[in-house]
> 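Submitted below is the structure of interest, expressed as structure tokens.
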Amino acid sequence: MPYDEALERFDPVLGLETHVELGTASKMFCGCPTEFGAAPNTQVCPVCLALPGSLPVANAEAIESTIRIGLALNCSIAEWCRFARKNYFYPDMPKNYQISQYDEPLCTDGYLDVVVDGRTVRIEIERVHLEEDTGKSTHVGGATGRIHGADYSIVDYNRAGIPLVEIVTKPIAGTDAMAPEVARAYATELREVMRSLGVSDVRMEEGSMRCDVNVSLMPRGSAEWGTRTETKNVNSLRSVERAVRGEIERQAAILADGGRIIQETRHFHEDTGRTTSGRSKEEAQDYRYFPEPDLLPIAPDRDWVASLKAALPELPSVRRARLKQEWGVSDLDMEAMHNADAIDLVEATVAAGAPAADARKWWMGELARRANEAGTALAELPITPGDVARVTELVASGALNDKLARQVLEGVLAGEGTPDDVVEKRGLQIVNDEGELSAIIDKVLADNSDAADKVRSGKVAAVGALVGGVMKASRGKADAARARELILEKLGVS
Amino acid sequence: MTELLRKTAAELGELIAGREVSAAEVAQAHLDRIAEVEPKVNAFLHVNAETVLAQARAVDERIARGERLGPLAGVPVAHKDVFTTKDMPTTAGSKILEGWIPPYDATVTSRLREAGLVILGKTNLDEFAMGSSTENSAYGPTHNPWDLSRIPGGSSGGASAAVAAYEAPLSTGTDTGGSIRQPAAVTGIVGMKPTYGGSSRYGVIAFASSLDTPGPFARNVLDAALLHEAFSGHDVMDSTSIHAEVPAVVEAARQADIAGLRVGVVKEFGGEGYQPGVLARFREAVDLLESLGAKVVEVSCPSFAYALPAYYLIAPSECSSNLARFDAMRYGLRVGDDGTRSAEEVMALTRAAGFGPEVKRRIMLGTYALSSGYYDAYYGQAQKVRTLISRDFDAAFHQVDVLVSPTTPTTAFPIGERADDPMAMYLADLCTIPTNLAGNAAISVPCGLADEDGLPVGLQIMAPVLGDDRCYRVGAAVERALEDRWGGPLLAKAPAL
Ligand SMILES: [Zn+2]
């Protein structure tokens, strides 16, 4: 069903479960390293392979990171809590139970504000808890790359035991047509919070941040929530948005036909933007949770928690509010910069000496256009904030005008060196020599006597054409303002 | 039997340190004894004479170089096959781990090696330490040296039998519900369950994590204390290990002075289900304590009545999860992997073939007790009972310094007698389980032979958490007085094998 029609008939309710792999030096319960990309099964030991007799020892740095995440998300930090065993059999889980947290999570009841189309939406956080990652199965043979139909499976336990923080939202209702954008804005904001805390590299493509997206629909006017599905395999921010949209459309079509939504796990497909059915959750799995007897309870010292809170870095939303104020821009400008991932770049350009308005103009204008053409992220362009600051400086000093400045940027992006190198090599200097400018003006006035007469007779607006002629004749190097003054002077109207 | 075999571990240690006898000679004497009696006793699952002699010669070389080693350097020890050993197979008495050689040593194993003890081999046990008779071993039962038709206790039955049969002067065990104290009692030797967390569980194949406690067996209290001291103490690899000094157990065993000590007799232990000969020896032991200057009072611990059911919910619950890792994926037995079956099918077939009936029974019990909808009624309720039992102990230890009881309600029963009656089997641990649930310390020392059957009876001495030294002090006092009375150790009365 088309999206607009779906939204006319149904009200979407979202829920997001996000897993973030912490960037600790060692795993959650053993001393193995956590680097991504090592040869399979080289970062393992008796503990993370679950050899008989081995025991877990909790990683203090991971507990600290989780508490900092909880504090950044405005959560309460438990005074006392425990790990719990989540029991289920799966070949990539060495112990056949996962050490996780159940009814006693480290952090509860927080929120994260996100801004979509100038509107602030408060996403309530239910809980933040700490657990361990599983190994990674690869299913070989078969058509789908999934376990069913595979010839055999191989497992890499390097990932087994990497600390994983799970952040669960409360149901998010009332976002209407904005639901997909809200989901994406939440994931984006969460990623930035993690980055600002320095707790994870949050690379969705490498799986160090993974979003499960829950969607349900309720008919307009109904108070009863619909059956939800949980979509996994959502590996980019864009996919978060697409997955929500796709699932709203799919569910709406089924419900409109009088069908029933099955509570299940679905898999998102990057290529089609659609989801396909996975494991049914109708027969709810019984995980037989119980407190992990191999580990002691965690009782974070209150003074320590307070000191962690005091030492939190400036959070992204606070920083954006500050920068908005400092730069004197509107909410929408700020949101545009945020969505374009330009805030860091603009801030660095300002720090390198550029006025905020100019820095924003270049990054969000010419450079955003170039990045778009090249199909790359702004930050990936081969130009530094220092280069951009230098260009604004050259414009401000009158050495360049905007047109020349664009050519300088083009040269820098083409690898011709620094802005000064490009100016030098391409000879892009405004004509400041009054004699040379005067000669050009004289020639232009002679060639355009009609326009000159109009100006003489008082139609000053006609001077624009003459200035244009001067700029053309100088191939853009003339200082347009100075040229205008000289023309008016020569025609005796100043 | 050569005189070396009758020496205590402390004496052997001194002789070896003084180079009056070599560790290799001592090891050889024990290997010869093992070769002689193992066909009757079946205490060991694995013995490799070459490895044993190599360890012994290495100790002799260190002594010859003038290195100062611990008091047990060169003394042989039999190691329960539930501790991982990187040079020997480790099976936990199960088919599912047949032939598995761990790539790492348990902390207790490494500490034995560091102290220069010579590991003779791995001893038999009930599969995954689940049982009270060693009949649940996948490798056949162990026989009680006092009467080969009877059980040696369990789960550490190989450990108790090896020491009682003079195959080793010392052995290691683990105690989850009585698995050290009960085998010690029924074979007439000393067995100690330290305070939970006082000895490391790292490398102990888990049965019930919140209960499992490694401890020593010996033929006398001082030897047990020496072994206790050698492998106990804080371990960073075990989060539940206690950050505290090991109680001064060796000193306590040497002092053996109990004048003025307050002793509590637990009122709830005794009466129906207790063998008269066991109760008679127990009462004599209490009288003995009084005669040695102790003040004896009766103490009530009403919650102990619920200890057995609580234990049979908590231990199976934990084991159902602990044993989930035996899935044929990474080690051990693999059944049915013929290229046509799914991983789940191979897991199921392997577990069906690899686990024995008692292990399966407990996995099913525990899986049920943890199920959603039953958790509160079973596991949750059992945890409350556990708290009540701890409170009973706390209240009792306000009044007295130690508590005493028979270690087991009966002497060693015949092999096969309770094999088909799990409930009767579970009763063997009636007196020992409360200590496991509360995590405190307890020892079993021999206190005579029952009149009906002439088999050994054990006296259990229970002390508060980290009061392990009290167990040794009282145990040594009882031992000294009784050996004076008997004219030697109780074990001297055992029939020759
Ligand atoms: Zn590891």
Side-chain angles (χ1 to χ4, degrees), chain A residues 29-31 41 44-60 83-99 102-103 135 137 139 141 147-155 157 160 284-298, chain B residues 82-84 90-92 97 100 102-107 128 200-206 208-212 235-241 314 317-318 320-332 339 342-344 346-348 366-375 379-380 383:
Chain A
F29 298 114
C30 64
N41 297 312
V44 292
C45 73
V47 177
C48 56
L49 283 177
L51 296 191
S54 63
L55 293 172
V57 176
N59 181 330
F83 287 103
R85 291 190 187 176
K86 181 181 183 179
N87 294 286
Y88 64 101
F89 281 84
Y90 205 78
D92 63 18
M93 195 163 58
K95 298 185 290 290
N96 285 316
Y97 59 82
Q98 180 190 33
I99 305 179
Y102 180 47
D103 50 358
S137 300
H139 306 296
I147 192 161
H148 293 292
D151 294 332
Y152 62 95
S153 302
I154 47 181
V155 188
Y157 293 105
Q285 191 135 12
D286 185 351
Y287 292 118
R288 291 175 283 118
Y289 282 101
F290 72 105
E292 168 56 275
D294 285 331
L295 292 167
L296 299 179
I298 310 169
Chain B
V82 78
F83 293 93
T84 59
T90 301
T91 67
L97 274 180
W100 182 60
Y104 77 107
D105 272 342
T107 298
F128 287 104
S200 169
R201 291 187 296 117
Y202 189 73
V204 175
I205 299 179
S209 311
S210 72
L211 303 163
D212 296 345
D235 177 16
V236 291
M237 298 301 280
D238 176 357
S239 307
T240 59
S241 139
I314 291 169
S317 294
E318 291 181 7
S320 71
S321 175
N322 284 333
L323 268 58
R325 69 187 60 194
F326 300 99
D327 62 2
M329 292 296 120
R330 296 167 308 285
Y331 42 77
S342 71
E344 284 82 353
V346 171
M347 279 184 197
T367 302
Y368 184 76
L370 290 175
S371 302
S372 101
Y374 297 97
Y375 179 91
Y379 189 78
Q383 291 294 357

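Below, chain A is the first sequence line, B the second, and so on; all start at residue 1. Note that the structure is predicted; figures quoted are calculated from it, not measured.
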> At a heavy-atom separation under 4.5 Å, does B/Ser210 approach chain A through its side chain, its backbone, both, or neither?
both

> Which bit of B/Ser342 is near chain A, if near means a heavy-atom gap under 4.5 Å: side chain, backbone, both or neither?
neither

> At their closest point, which heavy atom of B/Tyr104 faces which heavy atom of A/Pro52, and how far apart are they?
OH-O, 2.7 Å

> Side chain, backbone, both or neither: which part of A/Asn87 has a heavy atom under 4.5 Å from chain B?
side chain

> Look at atom OH of A/Tyr152 and say whether more than 12 heavy atoms of other residues, nucleotides or ligands are closer to it than 6.0 Å.
no

> Walk me through it: do B/Met329 and A/Val155 pass the test side chain to side chain contact (heavy atoms under 4.5 Å, CB included)?
CA-CA 10 Å; B/Met329 292 296 120; A/Val155 188; over 6 Å; no

> Which region of B/Asn322, side chain (C-beta onward) or backbone (N, CA, C, O), has a non-hydrogen atom less than 4.5 Å from a non-hydrogen atom of chain A, or is it both or neither?
both

> Taking all non-hydrogen atoms of both residues, which atom of A/Leu49 and which atom of B/Tyr331 are closest, and how far apart?
O-CE2, 4.2 Å

> With a 4.5 angstrom heavy-atom cut-off, could you sort out which part of A/Pro94 is near chain B: side chain, backbone, both or neither?
both

> Is it the backbone or the side chain of B/Leu211 that comes under 4.5 Å from a heavy atom of chain A, or both, or neither?
neither

> Which pair of non-hydrogen atoms, one from B/Tyr375 and one from A/Pro291, has the smallest distance, and what is that distance?
OH-CD, 3.3 Å

> Which bit of B/Tyr202 is near chain A, if near means a heavy-atom gap under 4.5 Å: side chain, backbone, both or neither?
both

> Using 0.5 Å steps for rounding, measure from the CG atom of A/Leu55 to the OG1 atom of B/Thr107.
8.5 Å

> Can you give me the closest heavy-atom contact between B/Arg201 and A/Pro293, atom names plus distance?
NH2-O, 4.2 Å

> Name the option with the most non-hydrogen atom pairs under 4.5 Å to chain A; the candidates are B/Ser371, B/Gly380, B/Gly373, B/Ala206.
B/Ser371

> Please classify the contact of A/Tyr289 with chain B as side chain, backbone, both or neither, using a heavy-atom distance under 4.5 Å.
backbone

> If you round to the nearest 0.5 Å, how far is CG of B/Asp238 from OG of A/Ser54?
11.5 Å

> Treating A/Asp286 as the side-chain partner and B/Ser372 as the backbone partner, does any N or O pair qualify as donor plus acceptor under 3.5 Å?
yes

> Give, as side chain, backbone, both or neither, the part of B/Val82 having an atom under 4.5 angstrom from any heavy atom of chain A.
neither

> If we ignore hydrogens and angles and just use 3.5 Å, is the side chain of B/Ser239 paired with the main-chain N or O of A/Pro56 as donor and acceptor?
yes

> Donor-acceptor pair, B/Arg325 side chain versus A/Asn96 backbone, under 3.5 Å?
no

> Quickly, which of A/Arg288, A/Lys95, A/Glu292, A/Arg85 forms a side chain to side chain donor-acceptor pair (under 3.5 Å) with B/Ser321? Name it, please.
A/Arg85

> So which part of A/Phe290 gets closer than 4.5 Å to some heavy atom of chain B, the side chain, the backbone, both or neither?
both

> Heavy-atom pairs under 4.5 Å with chain A - which of B/Tyr379, B/Tyr374, B/Phe83 has more of them than the others?
B/Tyr379

> Heavy atoms only: give me the nearest A/Leu295-B/Thr240 pair and the separation to one decimal.
N-CG2, 4.5 Å

> I need the minimum non-hydrogen distance between A/Asp294 and B/Ser209, along with the two atoms involved.
OD1-CB, 3.1 Å

